[in-house]
Amino acid sequence: FTIDEVLVTMQRPQWLAFSPLWQVSGGPWLRRRMAMASESSVHVYRVEEPEDLGTSSSSSPPLRLWLEHKLDLPAGMAITAMMFGERGDEGGTKRCLSTLVLGVGPVEGVGGQPVIKIWRCDQTTGSGTVEALVKASVGGAVEPNIWKWDQGHIAALTDHTSQVHHLALSTAFLISGDDEGWVRIWDKPRQHELVRSERVVAEDGGGLSDMTADRHFLFTVGKQDMVIKVWNIPEFRLALRISTGAAVQNLLMPAQFFVGSTTSGGASPEEETAAGGSPKDEEAVGGARGMIRSATEPPVPPLNLPQTRQQQQHTSQSQSARRSRQQQLAQITGLRRPTSRWSGAQPSKNVREGGPPRGLLFVTGQFLQGVDPMRSGHSFLMVWCLKATPSVQSIEMGQDARITSISYGPYDNGPLVTADTRGVFWVWEFAPRLMAVQQVETGCFGFQSPCMAVDPANRSLYAILGGADNRLFVWRQTHSPNSRLSGD
């Protein structure tokens with residue numbers, strides 16, 4: 001990949017999204033759009049190639065961003081999540097409308113109701129046509145369409161009672177998750193009718209850390225446990241629990257006890273719990289050595305042997321110490337399924353009959369302070385192979401910075417890209433094992449919160465750093481090392 005930079009006019013951008021992920025042959029051709037947002041403002045851009053505008057020449061920039069829509073939030077409200085509402089493979093013209101989904105809530109110290117609002121992107125003024133863009137490209141001007149907060153949106157979803165920080169899509173459903181661990185599923189073709197509402201993280205579990213979805217399954221993980229839960233969509237039936245504790249525990253072992261980056265477990269049941277598996281989830285851990293059972297399989301009864309009072313006291317102290325270590329070891333920070341349309345593909349009948357998810361799941365995490373002087377604050381990256389008995393394909397230690405963004409693509413076979421709080425991007429190959437193949441320094445200092453979005457149809461990846469940096473990074477495969485980009 002070569003990486004170019006575009007300066008954008010938005011100040012302090014924090015959110016980035018791209019649509020569509022795919023263009024389906026024979027279906028409606030969706031216009032390529034990019035959305036960028038700060039805490040209180042949204043810009044939606046039309047992404048055009050020179051050939052789209054009919055102005056292709058040797059002197060034309062290969063990419064132009066045309067500001068199409070703008071939205072400014074009222075005082076006291078802030079954006080908490082953003083994504084486009086379509087994947088591109090929904091099928092049928094009614095399901096291929098272009099929409100932008102925003103999670104919005106009150107800022108700290110201000111009262112108000114969190115809400116998810118949805119706007120149509122394909123309802124524009126006359127200045128939003130391709131003909132107008134051609135005119136602008138030769139010196140004309142295009143005025144963006146101004147969205148208003150209290151009117152013009154096609155849906156306002158107000159069922160959440162805490163801030164919505166997570167949004168995901170399956171083919172026909174929009175999925176939202178809030179700080180209290182509640183997840184709600186909305187039916188897109190039925191005007192975003194609420195289908196299911198479930199709490200996926202216990203009340204004392206610290207809330208939802210991350211979630212991701214594919215065509216059939218939703219993957220969630222809490223902030224204070226390391227158990228990934230897999231749910232069937234839209235029935236919201238718990239299909240699988242994946243305890244990552246044993247795999248992460250191996251990274252803390254001395255070098256002489258740990259060979260290579262791939263692991264299939266090896267800890268005792270107690271160590272598995274200490275590494276991050278909740279005692280409530282011990283039955284799903286499958287004992288200890290990477291044997292992770294389906295959530296529907298009955299637990300194996302424990303072997304109860306007589307104990308002396310001294311042994312009972314020692315057992316109680318050990319369990320207390322393990323629970324303490326459980327909270328201090330690590331935190332899962334990110335989940336991502338491959339972007340490819342064929343990832344995990346299987347007949348819907350298999351899913352309805354209880355079949356497990358297929359394919360790969362990418363997981364990021366961070367060791368907490370006080371675990372190990374050599375590893376405190378370090379991030380890690382895992383690749384899980386999903387099947388009836390999931391297994392760790394590869395696990396690798398990262399740098400001493402939190403991974404804040406993880407992206408797959410822009411190709412069907414990857415690669416995997418991560419970004420950390422130092423503004424450093426890493427490109428990973430993951431077969432047969434994880435291997436960093438490229439590192440990109442952005443020259444930033446201080447805390448960053450990068451965000452990425454993929455454009456598979458154009459084989460591109462877009463990224464921002466968050467904070468005061470207003471650069472848009474464009475990653476793409478090109479034969480020219482000095483590509484010229486421009487942004488409006």
Side-chain angles (χ1 to χ4, degrees), residues 209-210 212 214 217 219 221 226-228 230 240-267 271-272 275-277 285-286 288-292 329-340 342-344 356-367 372 374-375 378-409 411-420 424-439 452:
S209 180
D210 199 15
T212 189
D214 58 24
F217 296 96
F219 302 77
V221 66
M226 297 179 67
V227 177
I228 301 168
V230 187
L240 204 65
R241 299 187 188 191
I242 306 172
S243 180
T244 64
V248 175
Q249 184 83 356
N250 278 341
L251 286 178
L252 294 178
M253 291 182 178
Q256 62 268 29
F257 296 114
F258 180 60
V259 180
S261 296
T262 304
T263 178
S264 60
E271 289 170 336
E272 177 73 27
V285 172
R289 300 169 175 81
M291 297 184 297
I292 307 172
L329 178 60
Q331 180 183 24
I332 299 298
T333 59
L335 303 174
R336 185 69 65 239
R337 282 282 271 165
T339 309
S340 168
W342 299 277
S343 173
R358 302 290 183 182
L360 300 179
L361 177 66
F362 303 102
V363 181
T364 62
Q366 184 180 32
F367 289 107
D372 183 328
M374 298 296 293
R375 293 174 173 82
H378 278 69
S379 58
F380 55 86
L381 177 63
M382 294 187 285
V383 181
W384 282 81
C385 183
L386 299 175
K387 47 190 175 181
T389 304
S391 61
V392 181
Q393 176 175 301
S394 188
I395 181 169
E396 192 71 32
M397 181 77 74
Q399 300 299 307
D400 57 344
R402 180 187 178 95
I403 295 175
T404 62
S405 184
I406 177 172
S407 185
Y408 180 94
Y411 306 98
D412 284 333
N413 60 346
L416 193 67
V417 183
T418 61
D420 61 34
V424 178
F425 294 84
W426 294 83
V427 182
W428 303 83
E429 294 291 350
F430 49 84
R433 60 180 295 272
L434 278 167
M435 180 175 62
V437 296
Q438 186 176 3
Q439 177 184 352
M452 294 184 284

Exercise for review: Indicate yes or no: at least one non-hydrogen side-chain atom of Met226 is less than 4.5 angstrom from one of Gln249.
Suggested key: no
Exercise for review: Check Asp210, Leu240, Thr212, Leu361 against Ile228 for a side chain to side chain contact (heavy atoms under 4.5 Å, CB included) and give me the one that passes.
Suggested key: Leu361
Exercise for review: State, to 0.1 Å, how close Val230 and Pro357 come at their nearest heavy-atom pair, and which atoms those are.
Suggested key: CG1-CG, 3.9 Å
Check your understanding: What's the shortest heavy-atom distance between Ala247 and Trp384, and which atoms?
Key -> CB-CZ2, 4.5 Å
Review point. Is any side-chain heavy atom of Phe219 closer than 4.5 Å to a side-chain heavy atom of Ile242?
Key: no
Practice item. Give a yes or no answer on whether the side chain of Arg337 reaches the backbone of Leu360 with a donor-acceptor pair at less than 3.5 Å. Key: yes
Review point. Of the non-hydrogen atoms in Ala388 and Pro356, which two are nearest, and what is the gap between them?
Key: N-CG, 3.6 Å
Exercise for review: Could you pull out all residues at least two apart from Ser407 that satisfy side chain to side chain donor-acceptor pair (under 3.5 Å)?
Suggested key: none
Exercise for review: Go through the steps for Arg358 and Leu386 under the test side-chain contact (heavy atoms from CB on, under 4.5 Å), then give the verdict.
Suggested key: CA-CA 5 Å; Arg358 302 290 183 182; Leu386 299 175; 5.7 Å; no
Study note, to complete from the structure: CE (Met452) and OG (Ser405) are apart, to the nearest 0.5 Å, by 3.5 Å
Check your understanding: Does Thr404 have any side chain to side chain donor-acceptor pair (under 3.5 Å) partners at least two apart in sequence or in another chain, and if so, which?
Key -> none
**Study point:** Reported CD-to-CD distance for the pair Gln399 and Gln439, which is rounded to 0.5 angstrom
**Key:** 6.5 Å
Review point. Of all residues at least two apart in sequence or in a different chain, which pass the salt bridge (charged side-chain N to carboxylate O under 4.0 Å, His left out) check with Asp420?
Key: Arg422
Check your understanding: Residues two or more places apart in sequence or in another chain: which of them pass ring-ring contact (aromatic ring centres under 6.0 Å, His included) with Phe362?
Key -> Tyr408, Phe430
Review point. For Gln393 and Ala431, which heavy atoms make the closest approach, and how far apart are they?
Key: NE2-CA, 4.5 Å
Practice item. Please identify each residue that fulfils side chain to side chain donor-acceptor pair (under 3.5 Å) with Thr418, with sequence neighbours left out. Key: Trp428
**Study point:** Partners passing side chain to side chain contact (heavy atoms under 4.5 Å, CB included) against Thr364 (at least two apart in sequence or in another chain)
**Key:** Thr333, Leu381, Ile403, Ile406
Review point. For Asp214 and Phe217, which heavy atoms make the closest approach, and how far apart are they?
Key: OD1-N, 2.7 Å
Review point. Excluding sequence neighbours, so at least two apart, what forms side chain to side chain contact (heavy atoms under 4.5 Å, CB included) with Met435?
Key: Val437
Review point. Which is it for Ile332 and Phe380 under the side-chain contact (heavy atoms from CB on, under 4.5 Å) test, yes or no, and what are the steps along the way?
Key: CA-CA 9 Å; Ile332 299 298; Phe380 55 86; 4.2 Å; yes
